[in-house]
Every structure is written in C-alpha cells, then in structure tokens.
Amino acid sequence: MKLTNGVEWALHCCVSLSQSQVPVSAGRLAKLHGIPPAYLAKHLQSLSQAGILRSTPGPVGGYTFARPTEQVTVLDVVRAVDGPEPAFRCTEIRRKGPLALRPEKCTKPCAVSRAMAAAETAWRAALRDITIADLTREIEADSDGTAMDEVRQWLTGRSEPPPSASASSPTGPLGVA
C-alpha cells in the first residue's frame with residue numbers, strides 16, 4: 001500500500017500535538033518537523049474536518065485534539081488524509097482482451113480481487129488497533145524517555161530542537177527513526 005507523505009506528517013504531528021495543552025499553529029508544527037507549512041496546513045485541516053483535531057482561530061490559535069488520543073486510531077488519520085477508498089480497485093480485467101470471460105462466468109470477485117480485499121481488511125484492522133496514544137508511548141520508549149519532554153518544551157517555546165533532532169537528522173525531530 002502506498003500512502004502519501006501527508007499521512008506520515010499527520011501522524012507525527014498528532015504525536016507532537018498530544019504533548020500540548022494549548023493550540024499549536026500549523027507553522028510551529030511544520031517548523032518542528034521540517035516540512036512545508038502550506039501542505040501541512042491542508043492535512044491539519046483534513047484532520048479537523050474529520051473531527052480528530054479542533055482548530056482555534058486567532059493569533060494564539062492553532063490545533064488541539066478534539067477527542068482523547070486513546071480514541072484516535074492510525075486508521076482514522078489515514079482516512080482523514082488519504083480518504084476512505086481502498087488501495088486496490090478491481091477493473092474486471094478478466095472481462096477484457098482476446099480471452100475475456102463472459103459476464104455469466106464472473107458471478108463472484110476473481111482470486112486477485114479476493115486476495116487484495118483480504119489484505120486491505122487485514123491492513124485496516126491493524127491500523128485500527130493502534131492509537132495515537134500507543135504511538136506516543138512507543139516513540140517515548142524508543143527515545144529512552146526523552147522525546148516527549150523535548151517536544152513539550154519545544155512546543156511551548158522553551159527550547160528549540162537539539163541538533164540531533166533537526167530536520168536534517170536521519171532520526172527526525174522526535175529523536176527516533
């Protein structure tokens with residue numbers, strides 16, 4: 001399955017936002033993650049329209065969670081950013097070409113379509129079982145307990161990311177790969 005960059009950006013931003021009690025601007029999140037602000041703003045708006053985030057207008061506005069992170073799944077974010085459509089779309093190729101099957105022979109989905117539907121179901125179930133709170137705990141564990149404190153401090157303006165967490169770092173702004 002190929003997802004857009006927006007899904008990765010949105011998931012990382014959700015983890016970061018989970019550390020703030022006040023709205024965080026799209027520009028601040030974009031700077032933290034070293035990503036284009038205009039594109040990120042579009043994805044944050046999608047998360048807001050899906051009821052995942054709440055947008056607060058004004059000079060001290062920004063984004064916060066609309067519901068607890070324990071209730072926001074990775075699948076929710078994927079669907080908000082990339083849409084609900086399945087990754088595979090059967091075009092009934094078996095009905096085309098010189099050896100095309102007659103319609104009456106195509107009463108059920110073909111083996112390819114069934115296999116792809118099963119994979120899609122498994123993939124969505126796996127993403128439905130992981131919450132933003134789960135990701136936050138895993139990132140914190142991967143960083144030996146330092147990533148979320150660094151994010152909290154940075155989001156409140158008390159610090160800039162350490163050099164190891166810069167956008168040019170192979171580990172990324174949350175300090176982990």
Side-chain angles (χ1 to χ4, degrees), residues 1-26 28-37 39-56 62-89 113-156 161 164-167 169-177:
M1 315 251 166
K2 184 173 174 128
L3 302 173
T4 65
N5 288 344
V7 170
E8 178 185 10
W9 298 351
L11 288 167
H12 277 283
C13 285
C14 282
V15 170
S16 297
L17 280 171
S18 76
Q19 300 305 298
S20 181
Q21 300 303 313
V22 297
V24 179
S25 72
R28 187 98 175 129
L29 288 166
K31 185 175 181 183
L32 174 63
H33 293 289
I35 55 181
Y39 289 116
L40 178 60
K42 180 181 94 164
H43 298 305
L44 293 172
Q45 289 169 2
S46 295
L47 293 172
S48 183
Q49 290 168 350
I52 295 169
L53 299 181
R54 179 180 303 114
S55 175
T56 304
Y63 293 90
T64 55
F65 273 93
R67 57 186 199 253
T69 58
E70 294 82 7
Q71 295 176 11
V72 178
T73 70
V74 172
L75 182 61
D76 293 335
V77 174
V78 168
R79 291 175 61 116
V81 173
D82 277 358
E85 295 299 315
F88 177 80
R89 289 176 191 83
S113 184
R114 291 192 308 267
M116 297 306 287
E120 178 91 19
T121 299
W123 177 75
R124 287 181 182 271
L127 297 183
R128 192 178 297 113
D129 286 344
I130 304 166
T131 67
I132 297 301
D134 295 332
L135 288 178
T136 302
R137 282 189 293 275
E138 288 186 36
I139 289 171
E140 184 70 349
D142 289 348
S143 73
D144 295 325
T146 61
M148 294 304 110
D149 186 52
E150 289 176 359
V151 168
R152 280 189 296 277
Q153 288 184 31
W154 198 85
L155 289 176
T156 59
S164 65
S166 70
S169 169
T171 59
L174 291 179
V176 292

Taking side chain as C-beta onward, heavy atoms only, is [X] less than 4.5 Å from [Y]?
| X | Y | answer |
| --- | --- | --- |
| S16 | L32 | yes |
| L11 | I132 | yes |
| T64 | V22 | no |
| V72 | R67 | yes |
| K31 | W154 | yes |

Practice item. Report the C-alpha separation of H43 and L29 in whole Å, then their side-chain angles, then the decisive distance to 0.1 Å, and conclude whether the side chain to side chain contact (heavy atoms under 4.5 Å, CB included) test is met. Key: CA-CA 12 Å; H43 298 305; L29 288 166; over 6 Å; no

Minimum heavy-atom separation for [X] to [Y], with atom names?
| X | Y | value |
| --- | --- | --- |
| H33 | C13 | CD2-SG, 3.7 Å |
| A66 | G51 | CB-O, 3.3 Å |
| E140 | S143 | O-OG, 3.0 Å |
| A26 | Y63 | CB-CE1, 4.2 Å |
| E85 | R124 | O-NH2, 3.1 Å |
| A80 | A50 | CB-CB, 3.6 Å |

Would you say the side-chain atoms of [X] pair up with the backbone N or O of [Y], donor to acceptor, closer than 3.5 Å?
| X | Y | value |
| --- | --- | --- |
| D82 | V7 | no |
| E70 | T131 | no |
| S18 | V15 | yes |

Check your understanding: Are T146 and D149 linked by a side-chain donor-acceptor pair shorter than 3.5 Å?
Key ->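 No, no side-chain donor-acceptor pair sits under 3.5 Å.
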
Practice item. Identify which one of L75, L135, T73 satisfies the side chain to side chain contact (heavy atoms under 4.5 Å, CB included) criterion when paired with I130. Key: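 Result for side chain to side chain contact (heavy atoms under 4.5 Å, CB included) with I130: L135.
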
Nearest 0.5 Å please: distance from the [atom1] atom of [X] over to the [atom2] atom of [Y].
| X | Y | atom1 | atom2 | answer |
| --- | --- | --- | --- | --- |
| Q21 | R152 | CD | CZ | 9.5 Å |
| F65 | I52 | CZ | CD1 | 8.0 Å |
| Q45 | L40 | CD | CG | 9.5 Å |

Check your understanding: Between V74 and V77, is a side chain to side chain contact (heavy atoms under 4.5 Å, CB included) present by the stated rule, with each step listed?
Key -> CA-CA 5 Å; V74 172; V77 174; 5.6 Å; no

Practice item. Just do the side chain to side chain contact (heavy atoms under 4.5 Å, CB included) check on M148 and I139 with the steps written out, would you? Key: CA-CA 8 Å; M148 294 304 110; I139 289 171; 3.5 Å; yes

**Study point:** Parallel, tilted or perpendicular: rings of W9 and Y39 (30°, 60°)
**Key:**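 Y39 vs W9 ring planes: tilted.
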
Practice item. Please test T136 against T69 for side chain to side chain contact (heavy atoms under 4.5 Å, CB included), starting from the C-alpha separation and ending with a verdict. Key: CA-CA 9 Å; T136 302; T69 58; 5.8 Å; no

